[in-house]
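As structure tokens, the structure follows; a few thoughts come after it.
Just so it is clear, the model here is predicted, and its values are computed rather than measured.
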Number of protein chains: 2
Amino acid sequence: MATIRDVAKVAGVSVATVSRVLNENGYVHEDTRKRVETAMEELNYSPNEVARSLYKKKSKLIGLLLPDITNPFFPQLARGVEDEIQKEGFRLLFGNSDEQPEKELDYIHTFVQNNVVGIISATNDRSDTNYKDLSIPVVFLDQTSKDYPSVYGDGREGGRTAAKEMVKRGSKRITILKGPAHIQPAQDRFQGALEYLSESNVDFYVMGTTSFAFEEAKKWAKELFETYPDTDGVLASNDIVATAVLHEALRLGKSIPKEVQIIGFDDIPQSSLLFPSLSTMRQPAYEMGKEAACLLIKLMRKEYVEQNHVEMPVTFIERETTREVEVNE
Amino acid sequence: MATIRDVAKVAGVSVATVSRVLNENGYVHEDTRKRVETAMEELNYSPNEVARSLYKKKSKLIGLLLPDITNPFFPQLARGVEDEIQKEGFRLLFGNSDEQPEKELDYIHTFVQNNVVGIISATNDRSDTNYKDLSIPVVFLDQTSKDYPSVYGDGREGGRTAAKEMVKRGSKRITILKGPAHIQPAQDRFQGALEYLSESNVDFYVMGTTSFAFEEAKKWAKELFETYPDTDGVLASNDIVATAVLHEALRLGKSIPKEVQIIGFDDIPQSSLLFPSLSTMRQPAYEMGKEAACLLIKLMRKEYVEQNHVEMPVTFIERETTREVEVNE
DNA sequence: TTGTACGCGTTATCAC
DNA sequence: GTGATAACGCGTACAA
């Protein structure tokens, strides 16, 4: 690895001059610039980011913290973030928290230890205390926050819309699957759905759940149809749970969407591949990632941002687990 | 951020001593150690990884390069890697190459610029030239390599097994979907299947494809049944393609697995959720990730490794797109 | 327009 | 046992 000193020697100048052509600041004669540049070529020089980072107390790294990349909703988010920051020359320091506070704290720690210039976090820690003392910008993703900039889908409205679309399609005894209490977005959707159904004239049940893991979801799906056998519509807290419900309904021989309608949330890639394909509320994950990255970059540059909290639209994706709208309604 | 100097001052010792207790080397009196440790507590000190990295020319970072985390096969790999290296205190510098050589090169560049201690690469660059001049260990993942350590599923045998299982279950006119030419694992599977079918007494067709994207796969699926309408068994190059084939077959009103059997490859999470669920050759992605990480760590520590190339078993997962074995055969 | 010298926070090598 | 001090590679006052 050639250093700036080597380049200086070969070019017959001082390190300061090399640094100047490198960073394109300060005056430097055209001829010397050429000499330096050819020297760089010759030595195949490229500046040491670590030394830079040490001196400037700023790296070109951004920390990305996800609950679990294995959950199909997150790869899209991650790609959105990466594609956006990559354009600006930033790279990703990446970790999964598994929703464990210690892991989360640990990653935040390594982020600052490595001089990251910003953090994007999609974890569900509502306390935010982990981020209190940070001197770098933090953007929360897929999560609302009073104190911090954030990018999230409009869960409340999404929940309302899901409920509305289901009622519009004729379900009369709807079960809402209330997602894990500690996951804010899940609660928002639930609230939205609850609001709408409360105002409507259909019966509904509420069933609590505690995670988004498919294996667990299977159990709730089973429980759902045992406890509320007359359910004719299910508002699932996300697509994974919806998938489990769909499977269970099929297993019980129920006709979908004729006897039971199902609407999921997120529109993860596999939802369109199910059979019947899953009607769902789409969250624009990739765009959300991009948006969060944009926001973070603006924040890092201390540019003015009109809106610290960007709420992304959640749209109904009509597929095969919902019926046609009843026209005479 | 407290520095080592601050700690030294508070503890009334020199930075050298602090460094010694920090790194647990050299002699240091029990009493002074205590003083230093309490000083650290007090200042909430934690060493600056960047400075360390600069001096030692080694960070605690490992570079992970994937083709595309959005492809459902890779999140599992990534998790395997992360879980393993995390235990040893390493963190991930992460990037997607999109199979673009420039991006790949760019990421490798930032990896070395940031003093990573090792690289795990799952890209499909067969040239390997990008990695030639690296002074740090590299492990290829989901990919064979003569020159570099690597971890991969036994594609050849997987391909053979897939073909065998399909023949065993009675398909007589099998179409092999030959995956993209530049993706080695896909070619291995293809070769394996080809081998077996060549030796067997069933007819078969071969159809080329050029990517693993679902939207493209749909077209090939369509083409497949147009070109070879009498196909009664499809050996897909991976689960994404298999899914497309399954959908097309269903669309055409073919009965699965009665008229057409389908076997995928990878066993991505969604395969079990399809309807009918997809029979496939399982690659243990998570374990492969772990294995690659283990290997890399051993390499970094210059420990002896019996085997630079670890081949993981690929197993047949029998689900609903294949029939029962015909007993009287 | 260019060069010198120092500091960024650590670790390691010497003296003491 | 402990303390100066020189690296590590780079950026930047300040001097020339």
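Checked by atom type, the side-chain pair A:T123/A:E104 shows a donor-acceptor distance below 3.5 Å. In this structure, a donor-acceptor pair under 3.5 Å is absent between the side chains of A:N114 and B:E49. With hydrogens and angles left out, the side-chain atoms of A:Q187 and A:H182 include no donor and acceptor closer than 3.5 Å. Judged purely by distance below 3.5 Å, without hydrogens or angles, the side chains of B:D83 and B:Y286 pair a donor atom with an acceptor atom.
Between the CG atom of B:N25 and the P atom of C:dA12 there is a distance of 6 Å, rounded to whole Å. Rounded to whole angstrom, the span from the CZ atom of A:R5 across to the P atom of C:dT4 amounts to 12 Å. Atom-to-atom, CD1 of A:I4 to P of C:dT4 comes out at 14 Å; the value is rounded to the nearest Å.
Contacts classified as ring pair (Phe, Tyr, Trp, His ring centres under 6.0 Å) and involving residues 93-122 of chain B (residues at least two apart or in different chains) are given here: A:F94-B:F94. For the salt bridge (Lys or Arg N to Asp or Glu O under 4.0 Å) condition, the pairs that include at least one residue of residues 35-47 of chain B, sequence neighbours left out, are B:R33-B:E37. The side chain to side chain donor-acceptor pair (under 3.5 Å) contacts involving residues 18-27 of chain A comprise A:S19-A:N23, A:N23-A:R52, where partners must be two or more places apart or lie in separate chains.
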Hey, what are the protein-to-nucleotides 14-16 of chain C N/O distances that come in under 3.5 Å?
none

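Near-neighbour residues of DNA chain C inside residues 27-36 of chain A, defined by a heavy atom below 4.0 Å, number-ordered: A:Y27, A:V28, A:H29, A:T32. Contacts of residues 37-52 of chain B with DNA chain D (heavy atom under 4.0 Å): none.
First and last contacting nucleotides of DNA chain D toward chain B (any atom under 4.0 angstrom from a heavy atom, 5' to 3' order): D:dG1 to D:dG9.
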Tell me which donor-acceptor pairs under 3.5 Å the side chains of residues 67-74 of chain B have, and how far apart each pair is, sequence neighbours excluded?
residue: B:D68; atom: OD1; partner: A:R79; partner atom: NH1; Å: 2.8
residue: B:D68; atom: OD1; partner: B:T70; partner atom: N; Å: 2.9
residue: B:N71; atom: OD1; partner: B:F73; partner atom: N; Å: 3.0

Let me have the donor-acceptor pairs involving side chains of residues 291-298 of chain A, under 3.5 Å, with sequence neighbours excluded, atom names and distances please.
none

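Shown here for B:P47 and B:L22, the closest heavy-atom pair between the two residues is CB-CD2, 4.1 Å.
In this structure, B:S59 contributes its side chain and B:N115 its backbone to a donor-acceptor pair below 3.5 Å. Under a 3.5 Å cut-off, the side chain of A:E82 and the backbone N or O of B:N96 do form a donor-acceptor pair.
Remark: B:L105 pairs with B:N130 by the side-chain contact (heavy atoms from CB on, under 4.5 Å) rule, at least two apart or across chains. Residues that satisfy the salt bridge (Lys or Arg N to Asp or Glu O under 4.0 Å) test with B:E88, not counting sequence neighbours, are B:R301.
Between C:dG3 and A:S14, a contact under 4.0 Å exists linking OP1 or OP2 to a side-chain N or O.
For the pair B:T110 and B:Q113, the minimum side-chain heavy-atom distance is below 4.5 Å.
Aromatic pair B:F140/B:Y131: ring centres closer than 6.0 Å.
Where B:L54 and B:G12 each meet DNA chain D at their nearest nucleotide, the meeting point lying more 5' is that of B:G12.
Within the 4.0 angstrom heavy-atom criterion, base atoms lie near A:S19.
Each end of the helix from C:dT1-D:dA16 to C:dC16-D:dG1 gets its own axis, taken as the rotation carrying the C1' atoms of four end pairs onto the next four within a five-pair window, and the two axes meet at 50° to the nearest 10 degrees.
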